[in-house]
Protein chains: 2
Amino acid sequence: MSNTKQVIKKLREIIKQKGLKNTKQREIILETVLDDKNHLSAEDIYNKISKKYKDENIGMATVYKALKFLEETELINSITIDNTKKFETNFKGHHDHLVCVKCNKIIEFMSETIEDEQEKIAKDNKFVLLKHTMYLYGYCGNCS
Amino acid sequence: MSNTKQVIKKLREIIKQKGLKNTKQREIILETVLDDKNHLSAEDIYNKISKKYKDENIGMATVYKALKFLEETELINSITIDNTKKFETNFKGHHDHLVCVKCNKIIEFMSETIEDEQEKIAKDNKFVLLKHTMYLYGYCGNCS
DNA sequence: CTGATTGCAAATCATTTGCATTTGG
DNA sequence: CCAAATGCAAATGATTTGCAATCAG
């Protein structure tokens, strides 16, 4: 079973558990985020869906409402770049981001060294870490 | 000579060097950011200035234009929280943040190990780093 | 003088909200 | 059934832009 199917199953469980109602739209929106390797803005998602599901006619507000719900239930997460939220799946392991300030390209990475050091710093300051965000900004190979 | 005075001197140099014109407004806006220990939104700055310099009558657009200029010239920097940019001086040495999710206490720290590793990661990905932001979220000693 | 900067108002962009209509359980 | 979700349009909030008036060099 693909990861996407699993996450959609998880969505259905959450909806059932909360006593809400499942809809095709919300599943399409989630699937669109899950299946894209890039970070997508609400508008990106709206455009992709409008093209792929011409018949459906999904409104922008629905996209925003669904994204908000999906982020709250931690099925997806977002980062803000250039005054715009970009969404991605929350099921591909923790990673941090390199962001090109010119072309906005995003590269994901993960460094055990940094993760270990973060834990050490937290411990030194008597903090119990829950999560963190790290963005490195600069010029990518093409833009520098 | 205070740090603030030094930075304002720097602003004047930049303006002269670029052949632009110095204004009281821009200096007031810069000074407001420099002298505040917190991160301020454009509106925060506008409000502080409106109160402190009742006679001046500085417009919101002027605040935004000045902040943009000051960030471009790297006299200040910003982070985006909750769809709103918050500005702070760029002259108190680089640091990252530990944030308590319960009491909102913020501890600033700096780790050479992490900085070095970040440079290494950037290099591996052919990035030229300009800056970065790192926030570690968790419970502080008092709240956990 | 003259081009840069200001300050107002109007415009824009991303996102949210109100509400009548539709739909899932 | 009926509360939840949709989809449109209008509202919002942060930021930008156009432009006439002002001001610094």
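Everything numeric in this text was worked out from a predicted model, so none of it was measured. Numbers restart at 1 for each chain; the letters A, B, ... are given by sequence-line order, proteins then strands.
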**Study point:** Salt-bridge criterion met for Lys52(A) and Glu56(A) (N-O under 4.0 Å)
**Key:** no

Exercise for review: Specify the separation, in whole Å, of atom CD of Glu56(A) and atom C1' of dC8(D).
Suggested key: 17 Å

Practice item. Look at the side chain of Lys21(B) and the base of dA24(D), then say whether one donor and one acceptor between them are separated by less than 3.5 Å. Key: yes

Review point. For Asn22(A) and dA5(D), is the shortest distance between a side-chain N/O and OP1 or OP2 below 4.0 Å?
Key: no

Check your understanding: Can you check whether Leu11(A) reaches Leu70(A) side chain to side chain, under 4.5 Å on heavy atoms?
Key -> yes

Point to revise | For Tyr139(B) against Cys143(B), the heavy-atom pair lying closest together | key: CD2-O, 4.0 Å

Practice item. Could you state the atom-to-atom distance from CZ of Phe69(A) to P of dT16(C) in whole Å? Key: 16 Å

Practice item. Using a strict 4.0 Å threshold on nitrogen-to-oxygen distance, state whether Glu27(B) and Arg12(B) make a salt bridge. Key: yes

Point to revise | Length of the line joining Ile14(A):CD1 and dA5(D):P, which is rounded to integer Å | key: 13 Å

Point to revise | Test: Glu88(A) and Lys37(A) ion pair at under 4.0 Å | key: no

Check your understanding: To the nearest Å, how far apart are Ile15(A) CD1 and dG24(C) C1'?
Key -> 11 Å

Review point. Nearest-Å distance, CG (Asn47(A)) to P (dA14(C))?
Key: 11 Å

Study note, to complete from the structure: Comparing nearest nucleotides in DNA chain C, the 5'-proximal residue of the pair Gly19(B), Tyr46(B) is Gly19(B)

**Study point:** Any donor-acceptor N or O pair under 3.5 Å, side chains Asn47(B), Ser50(B)
**Key:** no

Practice item. Quick one, give me the B/S/- string for nucleotides 13-22 of chain D, reading 5' to 3', where B means a protein heavy atom under 4.0 Å from the base and S means that only happens at the primed atoms, P, OP1 or OP2. Key: -SBBBB----

Review point. Once the angle between the rings of Tyr137(A) and Tyr135(A) is folded into 0 to 90°, is it parallel (under 30°), tilted (30 to 60°) or perpendicular (over 60°)?
Key: tilted

Practice item. Describe the nucleic acid contact of Thr23(A) in one word from base, sugar-phosphate, nothing, applying a heavy-atom distance below 4.0 Å. Key: sugar-phosphate

Check your understanding: Expressed in angstrom and rounded to an integer, what is the separation of Lys16(A) atom NZ from dG24(C) atom C1'?
Key -> 13 Å

Check your understanding: Quick one: Ile58(B) CD1 to dC23(D) P, roughly how many Å, whole number?
Key -> 13 Å

Point to revise | Nearest to side-chain heavy atoms of Gln25(A), which nucleotide of dG7(D), dG7(C), dG25(D) | key: dG7(D)

Practice item. Measure the distance from CD on Glu27(B) to P on dC23(D) and round it to the nearest whole Å. Key: 16 Å

